[in-house]
Amino acid sequence: MIQRSASSGVDETELARRIRLMSLERWGERRETMLVGQHASMLALQERVHRFAQASGPVLITGETGTGKELFARSIYLLSNRGRKPFFSVNCAQYTESQLIASELFGHKRGSFTGAFEEHRGVFTEADGGVVFLDEVGELPLAAQAMLLRVLSEGELVPVGDTRVRSVDVRVIAATNRDLRALVAQGRFREDLLYRLRHMQLHITPLRDRGGDWQLMTDHYVRRLNAQTGTQRRFSERALDRLASYPWPGNVRELRAVVETSHSLTSGAELIEPSAFEEQLECDGSCGGFPSFAAGVGATAVSMSTAPAAAGSLVERMVEGTGTFWDLVHEPFMDRELNRCQVRAVIEEGLRRSNWSYKRALCVFGVAPDDYLKFMDFLRHHRLKPER
């Protein structure tokens, strides 16, 4: 049953209300955990969260960037019998060296490497009895993956530089926006670890596929900002019409940023108009150059002054086999390092080289024939097909 919360003003299920109240009790308002949405996919996710919370095995949460994967991880933790034990969240992508992430997660012995002046217990030892959330688990180096597999399989670890085995009782919830199967094929992710992690899997639906949930979230964030600032702002009908047609490539994270920015830019007015957020949305017309970004592991950065020139450079790299569409275009787009206009330029250049055949373009982009439908679905969902 969905009911309106008197305190938050949000229509929420009984389970979502329970999670929200537990998060406030556990962490306070700074980490309030709210599952906002009434779409059938969202209700199905809540049911899975409830079921997974009663189990003890690892959980793999998948979904595009910005869909709120940590919210679901925290929800599983709060509803579980470990809810009073430690909860640690680690972003695996923030560590650039294999030894650093291994030390952070599994600890190290004093003197085991340069800078190891003191013994470090590590996240898994500190979280004994509780839950560790590994965000962007696809970025873990292979050595750390092997150590994680041992924790999952045997419930034990060996700190960096040590020989003593330590037993730990930790539930792992991992999350990724990457295609782990593709990483396995590339030799960058252990297949045995993938099988172990996806014991229970939760796929978060992108915001564009959740019907009117975007407006429920918009209303929620506006109400919260109004309460904080003592204002009574709201989006105009024209603004809501504009937002309704937007595909939200950055999902909930992008929506929240748009609401917060447009709310602050509407000082002295009650209605928030499209002019307050239009520049923040992905461009629909022509655009300039590509930003500098790292196009894959060990690759040099690409920086061009015009979109066509940069598109040609990226396509050339795909033709040469130094990268594929998924790591040179798809991933930077999902991380908002490339915008819609820039990706369209890449697609158009690839099609031009393939006599405007999407199937022939697969070879240009380094996309496997079996991924044709996935490729076309990505273009369709994000409105990336160039106009001829």
For [Y], is there an ion pair with [X] - N to carboxylate O distance below 4.0 angstrom?
| X | Y | answer |
| --- | --- | --- |
| E12 | R18 | no |
| E156 | R166 | no |
| E64 | R208 | yes |
| R82 | D169 | yes |
| E126 | R121 | yes |
| E348 | R352 | no |
| E320 | R317 | no |
| E191 | R181 | yes |

Could you grab the distance from atom CD of E104 to atom CG of N91, nearest 0.5 Å is fine?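 The CG atom of N91 is 11.0 Å from CD of E104, to the nearest 0.5 Å.
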What pair of heavy atoms forms the shortest contact from [X] to [Y], and how long is it?
| X | Y | value |
| --- | --- | --- |
| P386 | I347 | CD-CG2, 3.5 Å |
| R233 | G268 | NH2-N, 3.7 Å |
| F133 | A174 | CE1-C, 4.4 Å |
| T205 | T67 | O-CG2, 4.2 Å |
| V49 | S75 | CG1-CB, 3.9 Å |

Quick one: do the N226 and T231 side chains pair a donor with an acceptor below 3.5 Å?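 Yes.
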Taking atom types as modelled and ignoring hydrogens, do the side chains of Q54 and S80 form a donor-acceptor contact shorter than 3.5 angstrom?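 Not at all, the side chains of Q54 and S80 share no donor-acceptor pair under 3.5 Å.
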Name the atoms and distances for all side-chain donor-acceptor pairs under 3.5 Å in residues 359-376, with sequence neighbours left out.
from: R360; atom 1: NE; to: S354; atom 2: O; distance (Å): 3.2
from: K374; atom 1: NZ; to: D179; atom 2: OD2; distance (Å): 2.9

Run the salt bridge (Lys or Arg N to Asp or Glu O under 4.0 Å) test against E316 and tell me which residues pass, sequence neighbours left out.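 E316: salt bridge (Lys or Arg N to Asp or Glu O under 4.0 Å) contacts with R353.
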Pairing residues for E25 by the salt bridge (Lys or Arg N to Asp or Glu O under 4.0 Å) criterion, not counting sequence neighbours: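 Salt bridge (Lys or Arg N to Asp or Glu O under 4.0 Å) list for E25, sorted by chain: R84.
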Just jot down the ring-ring contact (aromatic ring centres under 6.0 Å, His included) partners of [X], sequence neighbours excluded, or say none.
| X | answer |
| --- | --- |
| Y221 | none |
| H39 | none |
| F52 | none |

Would you call the rings of F325 and H330 parallel, tilted or perpendicular if under 30° counts as parallel and over 60° as perpendicular?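 Geometry flag for H330 against F325: tilted rings.
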Cation-pi check, R210 onto W248 ring (under 6.0 Å, within 45° of axis):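 No, a cation-pi geometry is absent between R210 and W248.
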Tell me whether K85 forms a cation-pi arrangement with Y77, defined as NZ or CZ under 6.0 Å from the six-membered ring centre and within 45 degrees of its axis.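 No; the conditions do not both hold, so K85 does not lie above the ring face of Y77.
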Check this for me: E29, atom CD, are more than 12 non-hydrogen atoms of other residues, nucleotides or ligands nearer than 6.0 Å?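 12 or below, so no.
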